[in-house]
A.B. asks: 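Can you read through this structure? Questions will come right after.
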Amino acid sequence: MAEFVLGLTKTAVEGTLIRVKSAIEEERSLRMRVQDDLLFITGEFEMLLSFLSVANTERTSNRVVRTWVRQLRELAFDVEDCVEFVVHLDKPSRWDWVRRLTSSLICMARPPLPLDEAVTEIKQLRTRLEDVSQRNTRYSLIGAGNDDSSSGSNPGLVAPATAAEAAATAFHILCEVWEATGKKQHDIGQGDLKKLIDCQGSDLQVLSVWGSTGGGAAPDIGPSITHVIRKVYDDPEICQVFKNRAWVKLVHPFNPDEFLESLLTQFFANSHHEKICVVDDLKKDNLMQKVREQRYLIVLDQVSTVEDWEAIRMYLPDSNKGSRIVMSTQRLGIALLCTGEPYQVSEITRCSHSQPRFSRSQPLRAIYNKGSGHCRGMGELIRQLRPRGVISVWGDGCEESLLIPNLCQSIMDKSKVFEGLKFQHYLEFTISDGLDLLKDMAAELCIYSYPQDQQQKMKDKFHGMDRPKIIETWRKFLAEYHKLYLIVIMGLQSKDNWDLIKKYLLFEPTKCCVVVLTEADILARHYVDCVDYEYRTHRFEDIEDYQQNCGEGGKRREEENGNLVRREDDMNRIGNCLAKHCVISVWGIAGVGKSALVRNWYYKILLKEKYRMYGWVDVHHPLILKDFCRRLLLDFYSDDLQAKETALVGMMEGQDPIQGCRKILSDKKCLVVIDGLQFTHDWDLIKSLFMSQHPESHIILITNEERVAMHCTYNTDGMVNVKCLEADAANELFKTVYDLDFPSGYESCVTKCGGLPRVIIAIGNFLRKSRYKMKDINDDFIGVLEKNQKFHSLKGQFTWMQNYFEGCSDYLKPCIFYLSVFPAGRNIRRRRLLRRWIAEGYCKDTIGSAAEENGEKLFLELVNLSIIYKQAEESKDSCQINGFFREYIVSRPMEDNLVFALAGRCNPNSRRSGKHLTIGEDWYRDEIEFKSLDLSKLRSLTVFGRWKSFLISDVMRLLRVLDLEDTSGVTNDDLEQIGKLLLRLKFLSLRGCEEISRLPNSLGGMKQLQTLDIRGTNIVRLPPAITRLEKLQYIRAVTNKVPCVDAVTSTTTTFVVAEATRALAAAGEEDRAAPAAVAEANSVGGCTSPFLRISSVTRPWRKSRARDLVASSSWLMRWPARHHNANGNNGGVELPAGVGTLTALRAIGIVNVSNGAGGNGKAILEELKELTQLRKLKVSGINSANWREFCSVISGHRYLESLSVRLDQQKEVCEFACNFDDISNPPKTLESLKVYGPGQGHARIRPVWIQQLPNLQGVDVELTISTQEDIESLYRACKVATEHRVSRRRICINPTQEHLTFAKPDNGPSSCLDGFSIALDSLRIVCGFKLQHCYQVTFGSLITFKVEMLKVHCSSSSDSSQDVGGSSSSLHLSGLDSIIAFNQVRLTGSYGEQLKQDLLDQLAQHPSKPVLMVEQPTSI
């Protein structure tokens, strides 16, 4: 954490530097007395900050440097505290000179003034600073020699690997290929090499001895090869067997005459002791003919070209005399070519101490024909599965072991280590007594040839079929269908049974690969029954220890696929992105399961064979392009071992893998997965060379960085963000892995895993296999994971975590550590966190950005880093810290982590000091233990759970943050004590402290206070002392003493039950139903519902229909009638006079400005006009009496971003007391607008007015439609209801024109317009207030509404022609059938009978058959 310590100190020093400069500018008296000291401190801190900026991680990893850096950080904190003490609190009084004079005259000691104390402390701090600076010089800790050039090299400039290193890597992989194909045999010594030369067989055989230093030519490997071959060549037994021997050292260029002369001279010199001179072709042919007639041994030293070998082979044809050619070469391709297929490879071990040294880095390999030895092991078994036929495995324990069945199952799963093995069907058959062998085996073979969903049906079909028919069906399958079968037979102990199986169920040429397991060698040979039976029978002990194929292929894939939980949506997103883009990126933090997710999808696509070539390559760092292409090319060939071997040999011979990749990608449709991409320049290098040229290939990039993902795909549409598992999914994954009785405390442990599948799986596997208890892990979570060797799989996770944190900006690092104040699993409000950061100095005002805006950026950065996550995708106000990140932060060394906690029963030796104290709910509130803490430098105190009065003390003089949100037991007396002792507070949250009913006057002494949150308390009035808080920026005040309000307030009327009672009486239930209905009506506090439900379809009354009517009506009676308290506070608090002097306020609310607010509502509005820096304003109690003053506050505001208005109740039913058109100059900066409350129906907000707010994003208002122009404006401004974040959509139609239509005209320009649909929460029609006209509203397809309920209110106060209940109406509605999905219409007011009947007729024709609910008509 060296870089983290450095970052925290740099932030502290920079904050102190800013504070000291501010003090010099602000305080004249302080500047005069300690001017030199402050200037020195400023200059010294500037220099130290520069030193820290160029310090690198390697230097700060030194223990001495780390100690000095911590000392500097503590000093910076102390200087900042001292300066703030003087500047903001203890300003000198104008009467100080009187006190000084009096003390001097009467010769009495006076107590030091606060300013005097500060001056003394500043001088002491200067001395400390000088000492700290001298230590830096004395120990040469951070200085001029530490420049950027020494801080590490650029990964992109690292020299590429040598050709020898690349060849060595290729050779290592080639050995694995040889192992998988059965070509690699056991190591051999000198004696074994001699046996290979003197082996049985009359054909000419070639043995190659090859050696290199990791694949490249080595100048000193030649003598080693020569020594090994010479030992065998001169062996007496070899000399006896091969009378004709020759050792020919080839020269370049190749000279045939010199070659033959040397060859023949050595042959005949051994027998005739004479030198042969090749004088003409005739003599040469005669001599060579004699050579061919005899057995010979020839050693060809240093064969280097194919041409040389082809020329030599012309002179040495195969004469079936058992001759041997031994050649040495340093080129692997030549060695393989000379030996020919099929070949085997063995490593030659050092035979004696006298021979030259060679090691694993200088390997010698003998490459010889397969007939020269017998292949053994799992690799050979797998190789023999390819050509089909019968293979037998024998030995003790063979039939009981699951090794072979598991191997075959892995082959069927198409694990990539089993390249080229493709079978359509797999069957395991165990022979036991009582079976009808042929019938049962043939039936199973037939059944499993069908798809899985049809197998049960086929079982029933074959159950009653006789043996000949079943056998005939199977043979027909085998003959007519091109399907390949892999069959494992166990329990076969009889040769006769095998003969029956072979005769009736298998025939030549077979399409089956049959593996027979038995314990007897003689039976194994009989089952194979072929000339080369010794090659197709395998001892079980030779393959029993084989782990590679099943272990790294099928097993790994099974674990990863089996551990995917609730990732279906992510899988679908990958597929959808690939359908649109050639390159997509999958990103998320380490351990979140990106690779497992993509691999699962990868294998599913692999089974579908949508692509011709598949490649998965990990990015190594630094990126070496040739190495990257080599690994990608080999993965392309992973399904074809022959091609893979050829590619590897080619690379060792110098072929460029980049060109090989380019050719494949250009010729074939490929799917490539690039895993572990870290840097954008790596992708630029890969893409610029070959990726961008092949659009038919699809590429999936896996990275931890969103920045890299965006760079590779250019837009978010091609990005898939894999997030941590949610709590229930994480628990499900743990249960899947653990698979035992769940230990107590597992949920807490899973929470600490932070939703990271890698960590959950590691812990689940560990607990399942060990005796560790869950409590042991929970008590030291990160310590156990870091130190226990069983968690070695998480080593990379912790390395990534450290690099991840150290890569964060210096401004973000203290914010990260600060998050550990909050417990895991607890919701954290975004605003709460931001205001605390500001109080702590982590977010400051900068040029062009306010502190809160910078805090928003830091918050978003933490979200993007997945250190915190939002509770819901659409939520901006609540988050949680990732459990694993929190545990990692808490586990860091105490000297680096400034947060300490009291939780549970604390360890007596636990940490006793720090800058930030958090008290958990489970701490048992021990006063003695609390007072033993060193709280003199405490900057923040956060309490969860119960409050105790001893938690505040006078030693907390530096406390900046006191967060008591949702703490129980805080009283007014406690708050009085807080106001007297904690005068340095910048943040005070009493949110949710319900026992608090007033703020003390002592609050006025907190002159640094920036944030005051009293939401959820019972405070209804702020004290006058609040006006002395000149630095106050944020007031959040919503009292609990708020009455229930509803969007619509209904007038109490008499509920009409007569019609329902008559219907029930006709059904014979009058005595029971009617009284019950009346009793239920009277049970709701004497309040009755005004509505009567009327069916829109005319039909006879039935008993069930009547019962439905009463039930519906009684449900409406239970709907609470909520009344407004005229003398209430509307949920807001009253402000004192003088609040206009708080010019630093950025946010305030809810402010009660009603007439009942101490009688000064209008005066408060006038003072709010002075708060020109407001960004957020929430007011309540707005009505017709104060509307003009409110408009004056809002109009032309330069910075207002959020406005919330709670309307007061009006006496008039339909008057628009609050017309937003009165706000002549709406604030253009407004982003959020909410208008609600019991009187919201009296607010008129037209679409035309909304269109004047270009930055509006959040809307919660009721739009008013009065004219046709409003409808047209609504159509043009339809994006207000779709693109903006609308919490509730409400429309009120109040016509002022005789005809309003939402329908398209039959002709004209508007007839071509596209229709627009709006889903509404509320649709009201209000008509007839103080008007003498008849209005018509027509619904149609221009704007279609989707709403469940339509509310119609009609009021005609002065129209004598429209009597109450009369036949005429002031309102006509048409086109109701165009309203979508509504099921109810409510009719209220002084409506006419004609309107009621009109509505019934239209609703009867509506597809949804809505119900009409009517209120008894009211008189005017």
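Index from 1, following the sequence. As a basis for the values below, the full set of heavy atoms in this structure was taken, side chains included, without hydrogen atoms, waters or symmetry mates.
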A.B. asks: List in chain and number order the residues that pass side chain to side chain donor-acceptor pair (under 3.5 Å) with Arg886, two or more places apart in sequence or in another chain; answer none if no residue qualifies.
C.D. replies: none
A.B. asks: About how many Å separate CZ of Arg829 and CZ of Arg836, when rounded to the nearest 0.5 Å?
C.D. replies: 11.0 Å
A.B. asks: Can you say whether the rings of Phe885 and Tyr804 are parallel (under 30°), tilted (30 to 60°) or perpendicular (over 60°)?
C.D. replies: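 Tilted, since the angle between the ring planes falls between 30° and 60°.
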A.B. asks: Can you run down the ring-ring contact (aromatic ring centres under 6.0 Å, His included) pairs that involve residues 949-980, sequence neighbours left out, and say none if there aren't any?
C.D. replies: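 For residues 949-980: Phe930-Phe950.
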A.B. asks: Applying side chain to side chain donor-acceptor pair (under 3.5 Å), can you list everything that pairs with Glu995, at least two apart in sequence or on another chain?
C.D. replies: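 Partners of Glu995 under the side chain to side chain donor-acceptor pair (under 3.5 Å) test: none.
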A.B. asks: Is the shortest distance from a Lys or Arg side-chain nitrogen in Arg835 or Asp963 to a carboxylate oxygen in the other one below 4.0 Å?
C.D. replies: no
A.B. asks: In a check of side chain to side chain donor-acceptor pair (under 3.5 Å) between Trp947 and each of Thr971, Asp974, Thr967, which one passes?
C.D. replies: Asp974
A.B. asks: Could you pull out the closest heavy-atom pair between Leu1003 and Leu1009, with the gap in Å?
C.D. replies: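 The pair with the smallest heavy-atom distance is CD1-CD2, 4.4 Å.
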A.B. asks: Using side chain to side chain contact (heavy atoms under 4.5 Å, CB included) as the criterion, list what pairs up with Ser936, not counting sequence neighbours.
C.D. replies: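 Expected list: Asp934.
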A.B. asks: Any carboxylate oxygen within less than 4.0 angstrom of a Lys/Arg side-chain nitrogen, looking at Glu921 and Arg946?
C.D. replies: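 The answer is no: the pair does not qualify as a salt bridge.
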A.B. asks: Step by step, work out the side-chain contact (heavy atoms from CB on, under 4.5 Å) result for Leu999 and Leu1012.
C.D. replies: CA-CA 11 Å; Leu999 290 177; Leu1012 176 63; 4.0 Å; yes
A.B. asks: Could you list the residues that satisfy side chain to side chain donor-acceptor pair (under 3.5 Å) with Asn882, not counting sequence neighbours?
C.D. replies: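 Testing Asn882 for side chain to side chain donor-acceptor pair (under 3.5 Å), a comparison that skips the adjacent residues, returns none.
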A.B. asks: Indicate the ring-plane relationship of Phe944 and Phe822, choosing parallel, tilted or perpendicular according to the 30° and 60° boundaries.
C.D. replies: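 Because their plane-to-plane angle is over 60°, the rings of Phe944 and Phe822 count as perpendicular.
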A.B. asks: My understanding is that only residues two or more places apart in sequence, or in another chain, count here; which of them pass ring pair (Phe, Tyr, Trp, His ring centres under 6.0 Å) with Phe884?
C.D. replies: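 By the ring pair (Phe, Tyr, Trp, His ring centres under 6.0 Å) rule, Phe884 matches Phe798.
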